[in-house]
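The block underneath contains the structure these notes are about, expressed in structure tokens.
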Amino acid sequence: MDMPILNVRLHSISDLKKSPRKIVDQVQDGKPTYILTNSTPQAVIIAAATFDKMVRKLRAYETMADNQKVAERVERYETGKTKLVNYEELTGHKLDESLYDPSDDGWE
């Protein structure tokens with residue numbers, strides 16, 4: 001396994017068992033703490049604020065990627081490089097309307 005990124009702390013699982021409060025307090029400066037078992041990273045502890053920031057960034061990147069995909073599909077459609085097809089044309093089967101809920105489009 002690759003070594004952890006620089007500027008982190010390393011603690012054994014025994015350290016965590018002995019003084020969990022100390023380890024939790026240490027991560028408040030933004031540096032993650034890797035918990036090791038037999039010198040192998042098993043977990044990472046980070047501050048809640050750091051985690052929240054990471055999740056917000058990840059969601060923003062996912063939204064940007066989704067928007068890019070939509071823009072590419074619209075561009076392909078508008079330039080005639082692709083066409084819209086219905087379910088039956090795509091699969092060769094009729095759509096079971098009873099299973100389709102138009103209010104659940106998967107976007108939220």
Side-chain angles (χ1 to χ4, degrees):
M1 177 171 191
D2 295 333
M3 287 301 295
I5 58 174
L6 297 177
N7 215 5
V8 300
R9 292 181 188 86
L10 304 174
H11 286 284
S12 69
I13 193 78
S14 297
D15 295 338
L16 180 61
K17 289 177 184 177
K18 289 178 198 169
S19 50
R21 175 89 258 160
K22 176 184 170 189
I23 292 173
V24 169
D25 288 344
Q26 285 180 345
V27 301
Q28 298 311 311
D29 66 3
K31 296 178 185 175
T33 294
Y34 281 71
I35 304 300
L36 310 174
T37 302
N38 298 323
S39 300
T40 302
Q42 298 296 310
V44 179
I45 300 174
I46 59 173
T50 302
F51 177 78
D52 291 342
K53 184 177 178 181
M54 290 170 56
V55 168
R56 282 193 307 275
K57 279 186 175 182
L58 178 60
R59 286 184 180 148
Y61 289 136
E62 288 173 339
T63 298
M64 288 171 37
D66 287 345
N67 290 343
Q68 180 65 33
K69 288 177 189 175
V70 168
E72 290 169 0
R73 289 176 182 161
V74 167
E75 194 264 330
R76 284 195 313 266
Y77 175 72
E78 289 176 343
T79 59
K81 294 179 182 171
T82 191
K83 69 174 193 155
L84 295 179
V85 295
N86 63 32
Y87 181 81
E88 188 173 350
E89 291 173 315
L90 182 64
T91 65
H93 304 283
K94 288 207 178 273
L95 179 64
D96 182 351
E97 298 286 336
S98 67
L99 299 176
Y100 177 66
D101 179 4
S103 67
D104 181 15
D105 61 6
W107 284 89
E108 295 183 20

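The structure presented is a predicted model; accordingly, all values stated were derived computationally and were not measured.
Linking ILVMFWY residues whenever their side-chain heavy atoms come closer than 4.5 Å, directly or via other members, places V8 and M54 in the same cluster. Linking Ile, Leu, Val, Met, Phe, Trp and Tyr whenever their side-chain heavy atoms come within less than 4.5 Å leaves L16 and F51 in two separate clusters.
Taking OG1 from T40 and CD1 from I35, the interatomic distance works out to 13.5 Å, rounded to the nearest 0.5 Å. Residue Q28 holds its CD atom at 10.5 Å from CD1 of I46, rounded to the nearest 0.5 Å. A distance of 5.0 Å separates CG in L36 from CG in L10, rounded to the nearest 0.5 Å.
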Quiz: residues 72-82 side-chain donor-acceptor pairs under 3.5 angstrom, not counting sequence neighbours:
from: E72; atom 1: OE2; to: Q68; atom 2: NE2; distance (Å): 3.0
from: T79; atom 1: OG1; to: E75; atom 2: O; distance (Å): 2.8
from: T79; atom 1: OG1; to: R76; atom 2: O; distance (Å): 3.3

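In this structure, D25 pairs ionically with R21, as a charged nitrogen and a carboxylate oxygen lie closer than 4.0 Å.
At least one side-chain heavy atom of R59 sits less than 4.5 Å from a side-chain heavy atom of V55.
Partner T91 forms a side-chain contact (heavy atoms from CB on, under 4.5 Å) with one of H93, K94, E89 and no other, that one being H93.
Residues meeting the salt bridge (Lys or Arg N to Asp or Glu O under 4.0 Å) test with K17, sequence neighbours left out: none.
Clustering of Ile, Leu, Val, Met, Phe, Trp and Tyr side chains at separations under 4.5 Å places M64 together with Y61.
Here the closest heavy-atom approach between residue P32 and residue V44 is recorded as CB-CG1, 3.8 Å. The minimum heavy-atom distance linking T33 with I23 is given by the pair CG2-CG2, 3.9 Å.
For D29, the CG atom sits in a packed shell: over 12 heavy atoms of surrounding residues, nucleotides or ligands are nearer than 6.0 Å.
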